[in-house]
Amino acid sequence: MRIFIPLLIGVYFGIILVKSQVASWFRIQRMFHFEEAHMYLVLASAIAVGAVAILVIKRLGVHTIDGNVAQLKEKGIHKGVIAGGMLFGMGWVITGACPGPIFAQIGNGEWAALATFSGALVGAYLYAIARPRLPH
Amino acid sequence: MEPLPQPWPWYISGPLIGLTVPALLILSGKTFGISSSFRHFCSILSPRSKLAYLKENDWRAESWNLLFVAGIMVGAYLGGHVMTDGKIPLLPSHYYTESGILKLLFGGVLVGFGTRYADGCTSGHSITGISNLRWPSLVATICFFAGGLFMLAITEFIPS
């Protein structure tokens, strides 16, 4: 049954993405135009709660359900974090969706988001092709 | 500005989103992130690919990620159609045109390429990474916003 836990947490996350309208193109536009603080406050409070939770988990040496020490994967810095990050930001403005919200938009019945998803797969495939030649 | 239905307030939405990180970590030992699913989908769709990035990707070992995004779709359906008293629009109607679909495709390519090149997106870098006090994730997040603002600056000068 444990393999279904990520599915359930996904359901939880999907509900919030829609209800908070983080998955809304309109909110993303208002965020980038600095017209409202909603998205910034959502992001900031999500990080604050996440940070406290991680701190507590580390301090108490909490174990995962499988009995391992709870540890997050850590990502390093390379040129792609900057270049790729900026390209993603450009796409984020156009589509009004970062990766989570793409799936939320599709689930919510916004079928045009299937175009965003298809594009994202093409983009990931192009990255797989270009990767050996790109600076990292 | 078009009128929109009221969202759940930030002080509820934000903390609930933040709790996804410890929930996934403790209940399934996984690190919250979404854009790696694009890589897994590509690996699945081209099983005989010779590209190292797809060939060396053990997507079966990471299949939790695919269940997670499937869950997001189910949750979004529930949030938008069951637990609701009205439709919550997530995309504007002008994207349901030929040029709109092309725009989404093009933007999607940037999202897919960019997040894979950057090793993560808003969930993996901005929420998980910064929560974990990883400075590379802060750099990534600043770049996400810099790219977005740059795109806006371009589109202000080029009428669509």
Side-chain angles (χ1 to χ4, degrees), chain A residues 5-7 9-11 13-16 18-21 23-25 32 41-42 45-47 49-51 53 64 66 70 72-73 75 77 80-82 84-95 98-100 103-105 107-108 110 112 115-116 119-120 122-125 127-128 131, chain B residues 7-8 10 13-18 20-23 25 27-29 31 34-35 38 42 51 53-54 64 67-69 71-77 79-80 90-91 95 101 104-105 107-119 121-122 127 130-132 136 140 143-144 147-148 151:
Chain A
I5 294 172
L7 183 80
I9 299 175
V11 172
F13 188 59
I15 292 172
I16 304 163
V18 169
K19 289 299 188 184
S20 64
Q21 295 178 20
S24 160
W25 179 91
F32 275 115
L41 293 169
V42 168
S45 55
I47 292 169
V49 168
T64 68
D66 304 310
L72 292 167
K73 282 189 190 168
K75 297 168 183 185
I77 189 85
V81 173
I82 293 160
M86 292 189 73
L87 290 172
F88 160 49
M90 294 169 75
W92 191 9
V93 166
I94 298 173
T95 62
C98 44
F103 296 103
Q105 290 179 352
N108 193 49
E110 297 282 3
T116 316
V122 171
Y125 195 82
Y127 172 69
R131 190 168 193 257
Chain B
W8 280 0
W10 65 267
S13 316
L16 290 179
I17 289 174
T20 314
V21 179
L25 178 60
L27 298 178
S28 39
T31 302
I34 294 171
S35 64
F38 299 147
C42 285
L51 299 167
Y53 188 67
L54 303 181
W64 72 272
L67 281 171
F68 185 64
V69 299
I72 292 177
M73 290 195 267
V74 174
Y77 175 80
L90 299 181
L91 279 176
Y95 271 11
I101 295 293
L104 289 176
L105 258 175
V109 171
L110 292 174
V111 171
F113 187 95
T115 53
R116 290 299 72 221
Y117 194 12
D119 275 337
C121 58
T122 342
I127 296 177
I130 298 181
S131 289
N132 198 22
C143 293
F144 299 164
M151 190 73 216

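Order of the sequence lines sets the chain letters (A, B, ...), proteins ahead of strands, with each chain counted from 1. In what follows, every heavy atom counts, from backbone to side chain, and hydrogens, waters and symmetry copies are set aside. Predicted model, so just to flag it, every value in this text is computed and none were measured.
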Report the option among [options] that has the most heavy-atom pairs separated by less than 4.5 Å from atoms of chain B.
{"options": "A:Val18, A:Leu41, A:Leu87", "value": "A:Leu41"}
{"options": "A:Lys73, A:Lys75, A:Gln105", "value": "A:Lys75"}
{"options": "A:Val93, A:Asp66, A:Ile77", "value": "A:Ile77"}
{"options": "A:Gly91, A:Ala70, A:Ala53", "value": "A:Gly91"}

As an exercise: rank [options] by heavy-atom pairs under 4.5 Å with chain A and give me the winner.
{"options": "B:Cys143, B:Gly79, B:Gly107", "value": "B:Cys143"}
{"options": "B:Tyr117, B:Phe144, B:Phe113", "value": "B:Tyr117"}
{"options": "B:Leu25, B:Thr115, B:Ile127", "value": "B:Leu25"}
{"options": "B:Thr20, B:Val74, B:Asn132", "value": "B:Asn132"}
{"options": "B:Leu105, B:Ile130, B:Leu54, B:Val21", "value": "B:Leu105"}
{"options": "B:Ile101, B:Thr31, B:Leu91, B:Leu16", "value": "B:Leu91"}

- Task: Report the distance from atom CG of B:Leu90 to atom CH2 of A:Trp25, rounding to the nearest 0.5 Å.
- Result: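 That separation rounds to 12.5 Å.
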Side-chain touch [X]/[Y], heavy atoms, less than 4.5 angstrom:
{"X": "A:Ile15", "Y": "B:Trp8", "answer": "yes"}
{"X": "B:Tyr95", "Y": "A:Thr116", "answer": "no"}
{"X": "B:Phe38", "Y": "A:Tyr127", "answer": "no"}

Quick check: closest heavy atoms across [X] and [Y], and the distance to 0.1 Å?
{"X": "B:Met73", "Y": "A:Phe103", "value": "CG-O, 3.2 Å"}
{"X": "A:Ile16", "Y": "B:Ser13", "value": "CG2-O, 3.9 Å"}
{"X": "A:Ile47", "Y": "B:Ser131", "value": "O-OG, 3.3 Å"}
{"X": "B:Met151", "Y": "A:Ile94", "value": "CE-CD1, 3.7 Å"}
{"X": "A:Ser45", "Y": "B:Gly14", "value": "OG-CA, 3.2 Å"}
{"X": "A:Cys98", "Y": "B:Thr122", "value": "CB-OG1, 3.0 Å"}

- Query: Which answer fits B:Leu51, side chain, backbone, both or neither, if we ask what part of it has an atom under 4.5 Å from a heavy atom of chain A?
  - Reply: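 Side chain only.
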- Task: Heavy-atom distances under 4.5 Å only: say whether A:Leu72 touches chain B with side chain, backbone, both or neither.
- Result: both
- Task: Tell me, for A:Asn108 versus chain B, whether the close heavy atoms (under 4.5 Å) come from the side chain, the backbone, both or neither.
- Result: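 Backbone plus side chain of A:Asn108, per the 4.5 Å heavy-atom cut-off to chain B.
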- Mind checking what makes ring pair (Phe, Tyr, Trp, His ring centres under 6.0 Å) contact with A:Phe32, not counting sequence neighbours?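 Listed in chain order: A:Trp92, B:Phe145.
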- Got a sec, which residues hit side chain to side chain contact (heavy atoms under 4.5 Å, CB included) with B:Val109, two or more places apart in sequence or on another chain? A:Val122, A:Leu126
